[in-house]
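What follows is one structure encoded as structure tokens, with my remarks underneath.
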Amino acid sequence: MRMSHMFGRTLRAAPADVEIISHQLSLRAGLIRPLGAGLFSLLPLGWRVVNKIEDIIREEMDAIGGQEMMMPVVHPADLWRQSGRYQVVGPELARWKDRSDRDMVLALTHEEVVAQLASTEINSYRQLPQIVYHLQTKFRDEPRSRGGLIRVREFTMKDSYSLDLDEAGLEESYSKHWIAYDRIFRRTGLRFIVVTADVGMMGGSKSEEFMAFSPNGEDTILICDSCGYASNQEVARFGRDAASDDAPLPMEEVETPNTTTIQLLADYLKIPTSKTAKAVFYMGESGRFIFAVIRGDLEINETKLRTATGEGGLVPATVEQIKAVGAEAGYGSPVGVKGAFIVVDESVRDARNLVAGANKPGYHLLNVNLGRDYQADVVTDIASAQAGYPCPDCRESMRAERAIEAGNIFKLGTRYSEALGATYLDAEGQEHPVVMGSYGIGSGRLLATVIEQRYDDKGILWPIAIAPYHVSLVAIGSADDTETIAQADALYEALKAAGVEVLYDDRDERPGVKFNDADLIGNPLRIAVSSRNLAKGQLEIKRRSASEPEFVSMDGAVEAILAELDVIAAEELVAAGL
RNA sequence: CGGGGUGUGGCGCAGUCGGUAGCGCGCGGCGUUUGGGACGCUGAGGUCGAAGGUUCGAGUCCUUUCACCCCGACCA
């Protein structure tokens with residue numbers, strides 16, 4: 001490609017309000033342009049990267065037996081009513097009516113369609129297992145898009161779906177995807193970790209996320225370097241203290257003025273915060289009052305609490321709602337409350353004689369104990385794991401990292417197949433629901449995620465596997481330096497003929513402009529043709545990642561460049577552990 | 001949805017006390033220049049996000065509203 005004719009230009013500066021690095025660089029390098037909130041055009045340069053990413057995805061999906069197909073973005077709402085998601089999913093599902101007044105939706109994902117197709121195409125156990133996938137536009141009216149391509153509203157996602165006879169089959173399809181995803185992300189040059197994750201609105205029994213390390217990530221993951229435990233903070237467990245075997249002491253009310261927070265209370269009574277019980281109040285989506293109780297030194301994890309209560313959403317309760325169940329904000333405890341759904345964290349179950357609120361201002365209760373003084377509707381893990389907490393498996397200290405969710409894999413089970421009648425007959429003629437899994441990767445997000453991990457002060461450092469071009473060819477010399485131009489033109493043609501993808505900077509620009517743009521765009525190899533080097537019969541070759549150039553003879557330059565590209569590709573595979 | 005911020009030419013910004021809309025970059029033309037974002041001359045390009053109001057007069061003051069960005073909530 002001759003840069004003099006390339007659609008889309010580089011920018012010297014990114015818009016001032018753009019903050020994260022991948023967003024800045026993808027705008028500056030001319031990969032993307034914004035159209036509206038969470039809506040981006042991919043310019044030719046960015047589109048090349050996305051295509052290469054998608055080709056890698058296709059190769060790896062095909063390698064595990066995936067069959068590519070295509071399903072519509074627009075779905076009849078009835079399909080989503082059948083699965084129940086029409087009712088369950090919030091406003092991120094775009095709903096509209098067509099001209100005949102039929103309810104329609106824009107697909108967030110395609111479980112319903114796959115299940116519907118399975119119901120017509122799959123009849124017999126002989127036809128299973130299957131893996132189908134597609135690369136399709138999805139629309140999610142996100143409450144807040146952010147970070148350029150990291151979180152957008154309209155995006156392309158590779159979705160694959162496995163159809164299996166049973167749980168054992170699903171396990172196999174799931175591990176195949178695990179392997180394919182591992183290879184995809186290695187090949188795109190990502191540093192990542194696989195963590196256990198929340199199943200969220202998808203339902204299902206197990207989910208893992210492929211998380212790429214980045215300070216601009218939206219998720220926090222907890223990692224144990226000692227035993228390899230890694231989990232999204234949303235579902236992360238941690239090593240708990242052993243249950244206390246202290247004898248319960250008589251409950252006693254004490255005056256505790258101005259102790260509306262755990263810290264004030266602990267200071268006033270001169271006890272550690274771990275000897276207190278904290279009450280946190282929510283209103284569930286169903287209208288229930290959710291009364292969460294946790295040891296004073298721990299924090300509630302709302303994802304875990306949602307799972308524990310079965311509530312799709314939780315909002316903090318108001319002072320009036322708290323009073324209505326007989327509790328008191330700042331001095332709350334489950335002792336004596338009515339009409340609340342009480343969820344107690346394991347930490348409180350395993351402790352004895354905690355200090356809890358007396359449900360009246362200025363008073364607390366000493367020696368409160370679960371079972372004797374109040375009952376719980378649920379006792380489970382609702383505590384948030386933090387950096388420094390012990391690993392749940394080996395009890396070594398865990399550390400926290402921010403990360404971007406690059407992909408995830410899900411065991412769905414039979415939720416969708418049952419709802420949409422996707423069943424098969426086994427060898428005995430018995431009908432069973434197909435067991436499903438679903439697996440997603442956003443190609444645009446992956447582009448942004450790779451940039452997040454590969455850049456320097458000059459610009460992007462693409463891995464050759466997904467770089468827009470293999471080579472940036474820079475002609476140094478004015479328009480009237482016909483000899484240099486002729487040599488650069490000839491090299492451009494020769495490289496193209498040799499199958500090299502070349503971005504040829506043939507613009508009438510000063511060398512500094514060209515070098516800076518080449519660095520910004522970040523192709524892995526830069527070749528400079530100049531009269532200075534031509535006089536010595538040489539070409540300059542510089543890796544984007546190197547600080548100093550090398551020189552090769554003009555004779556055999558194409559071979560030398562091909563060899564260097566091979567070396568780069570080989571080194572990347574080694575670095576990726578492939 | 002809550003909090004914060006920003007809207008002035010393609011990009012980055014200035015615009016004081018309300019008085020003829022400016023600067024740098026970029027863009028067109030001409031000339032010089034050519035190994036890390038050159039220089040001179042000369043041009044083109046703006047309903048100052050929108051609407052309403054105050055005023056003799058509004059980029060500037062008031063009201064409303066829209067868009068975008070950031071934090072949070074939310075989120076396969």
Side-chain angles (χ1 to χ4, degrees), chain A residues 8-20 23-24 27-28 30 33-39 85 88-93 107-111 138 140-148 150-153 155 157-161 197-204 206-210 216 218-219 232 234 282 285 302-303 306 312-316 405-412 415-416 437-442 445 458-459 474-481 484-485 505 507-520 526 528-534 540 542 549:
Chain A
R9 40 175 298 156
T10 57
L11 303 176
R12 189 173 294 206
D17 53 13
V18 168
E19 297 196 358
I20 82 166
H23 193 188
Q24 292 172 348
L27 286 170
R28 287 223 290 135
R33 289 292 180 259
L35 184 63
L39 304 170
R85 286 162 103 197
V88 169
V89 178
E92 62 268 28
L93 177 63
L108 310 173
T109 144
H110 286 73
E111 282 77 7
K138 317 276 164 174
R140 295 182 192 178
D141 197 356
E142 293 285 347
R144 181 156 94 80
S145 53
R146 76 185 94 193
I150 298 284
R151 180 164 221 89
V152 292
R153 297 197 295 169
F155 56 101
M157 175 168 266
K158 187 286 298 177
D159 260 341
S160 51
Y161 301 92
D198 181 36
V199 293
M201 75 155 171
M202 297 298 306
K206 183 177 185 186
S207 166
E208 285 170 290
E209 293 168 331
F210 287 72
N216 291 319
E218 299 182 289
D219 291 278
N232 195 313
E234 291 180 342
Y282 296 92
E285 204 171 56
E302 291 191 16
T303 303
R306 272 205 302 275
L314 295 169
V315 291
E405 181 187 344
N408 64 27
I409 56 178
F410 255 94
K411 288 188 184 178
L412 286 176
R415 170 180 167 187
Y416 293 92
S438 80
Y439 317 87
I441 297 176
R445 177 184 282 187
K458 292 284 194 181
V474 179
I476 304 297
S478 61
D480 52 14
D481 184 355
T484 303
I485 302 294
D505 197 342
R507 299 174 300 173
D508 186 16
E509 286 287 354
R510 297 177 65 81
V513 173
K514 296 188 179 187
F515 286 142
N516 279 308
D517 275 350
D519 288 344
L520 176 59
R526 187 189 77 196
V529 179
S530 69
S531 56
R532 198 175 78 184
N533 291 322
L534 285 175
E540 176 191 302
K542 181 182 167 298

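Each chain gets a letter, A, B and so on, in the order its sequence line appears, and its residues count up from 1.
- Residues that satisfy the ring-ring contact (aromatic ring centres under 6.0 Å, His included) test with A:His23, not counting sequence neighbours, are A:Phe40.
- In this structure, the CG atom of A:Leu412 is 9 Å from the C1' atom of B:A76, given to the nearest Å.
- Under 4.0 Å is where a charged nitrogen must lie from a carboxylate oxygen, and between A:Arg415 and A:Glu111 no such pair does.
- Between A:Glu142 and A:Val152 the shortest heavy-atom distance is CG-O, 3.6 Å.
- In this structure, A:Tyr282 has no ring-ring contact (aromatic ring centres under 6.0 Å, His included) partners at least two apart in sequence or on a different chain.
- On the C1' atoms, B:G43 is 23 Å away from B:U47, given to the nearest whole Å.
- When the C1' atom of B:C71 is taken as reference, atom CZ of A:Arg144 falls 6 Å away, rounded to whole Å.
- Atom-to-atom, CG of A:Asn216 to C1' of B:C69 comes out at 14 Å; the value is rounded to the nearest Å.
- The shortest non-hydrogen separation linking A:Asn533 to A:Glu540 is ND2-CB, 3.9 Å.
- Taking every heavy atom of both residues into account, A:Asn516 and A:Lys458 meet most closely at OD1-NZ, 3.4 Å.
- One C1' atom belongs to B:A51, the other to B:A67, and the distance between them is 14 Å to the nearest Å.
- Pairing for B:C61 is with B:G53, a Watson-Crick or G-U wobble pair whose two hydrogen-bonding atom distances lie under 3.5 Å.
- Every residue two or more places apart in sequence or in another chain was checked for a side chain to side chain donor-acceptor pair (under 3.5 Å) with A:Glu509, and none qualifies.
- For the C1' atoms, the distance from B:U16 to B:G10 is 28 Å, rounded to whole Å.
- When the P atom of B:G37 is taken as reference, atom CG of A:Asp505 falls 15 Å away, rounded to whole Å.
- Every residue was checked against the salt bridge (Lys or Arg N to Asp or Glu O under 4.0 Å) condition with A:Lys542, not counting sequence neighbours, and none meets it.
- Checking the phosphate oxygens (OP1, OP2) of B:C75, a side-chain nitrogen or oxygen of A:Arg306 falls inside 4.0 Å.
- Interface remark: the A:Arg146 side chain does not form any donor-acceptor pair with the B:C71 base, using a distance-only criterion of under 3.5 Å.
- Taking the C1' atom of each, B:G22 and B:G45 are spaced 14 Å apart, rounded to whole Å.
- Here, B:C41 and B:G26 have their P atoms 15 Å apart, quoted to the whole Å.
- In this structure, CE of A:Met157 is placed 16 Å from P of B:C75, rounded to the nearest angstrom.
- Considering CD of A:Glu405 and CD of A:Glu218, their distance stands at 8.5 Å, rounded to 0.5 Å.
- Across the protein-nucleic acid pair, A:Glu405 atom CD and B:C74 atom C1' stand 14 Å apart, rounded to whole Å.
- Going from the C1' atom of B:A73 to that of B:G24 covers 41 Å, rounded to whole Å.
- Note on A:Glu302: only backbone sugar-phosphate atoms sit closer than 4.0 angstrom, heavy atoms only; bases stay farther off.
- Counting only heavy atoms from C-beta outward, the side chains of A:Val529 and A:Ile476 never approach each other to under 4.5 Å.
- The distance from atom OH of A:Tyr161 to atom P of B:A76 is 14 Å, rounded to the nearest whole Å.
- Mapping A:Leu11 and A:His23 onto RNA chain B by nearest heavy atom places A:Leu11 closer to the 5' end of the strand.
- Looking at A:Glu92, its side chain never comes within 3.5 Å of a backbone N or O of A:Pro143 through a donor-acceptor pair.
- Figure legend. B:A38 is base-paired to B:U32; pairs are counted as Watson-Crick or G-U wobble with both atom distances under 3.5 Å.
- Each of A:Arg28 and A:Phe155 was matched to the nucleotide of RNA chain B holding its nearest heavy atom; the match closer to the 5' end belongs to A:Arg28.
- Nucleic acid contact class of A:Gly147 (heavy atoms, under 4.0 Å, all strands): sugar-phosphate only.
- Across the strands present, B:C68 finds its partner in B:G5; the criterion is a Watson-Crick or G-U wobble pair with both atom distances under 3.5 angstrom.
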Please write out each protein N/O paired with an N/O of nucleotides 64-68 of chain B under 3.5 Å, distance rounded to 0.1 Å.
residue : atom : partner : partner atom : Å
B:C68   : OP1  : A:Ala37 : N            : 2.9

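- Within the shown strands, nothing qualifies as a pairing partner of B:C75 under the Watson-Crick or G-U definition with both distances less than 3.5 Å.
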What does the B/S/- profile of nucleotides 26-36 of chain B look like, 5' to 3', with a 4.0 Å heavy-atom cutoff to protein? S------BBBB
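- A gap of 28 Å separates the C1' atoms of B:A44 and B:U60, to the nearest Å.
- Distance A:Leu27 CG to B:C11 P: 11 Å, rounded to the nearest Å.
- Nucleotides B:G59 and B:G18, compared at atom C1', are 10 Å apart to the nearest Å.
- B:G10: Watson-Crick or G-U partner is B:C25, with both key distances under 3.5 Å.
- For the residue pair A:Glu208/A:Asn408, the side-chain donor-acceptor check at 3.5 Å is not satisfied.
- Nucleotide B:U16 forms no Watson-Crick or G-U wobble pair with any nucleotide shown, as no partner meets the under 3.5 Å limit on both distances.
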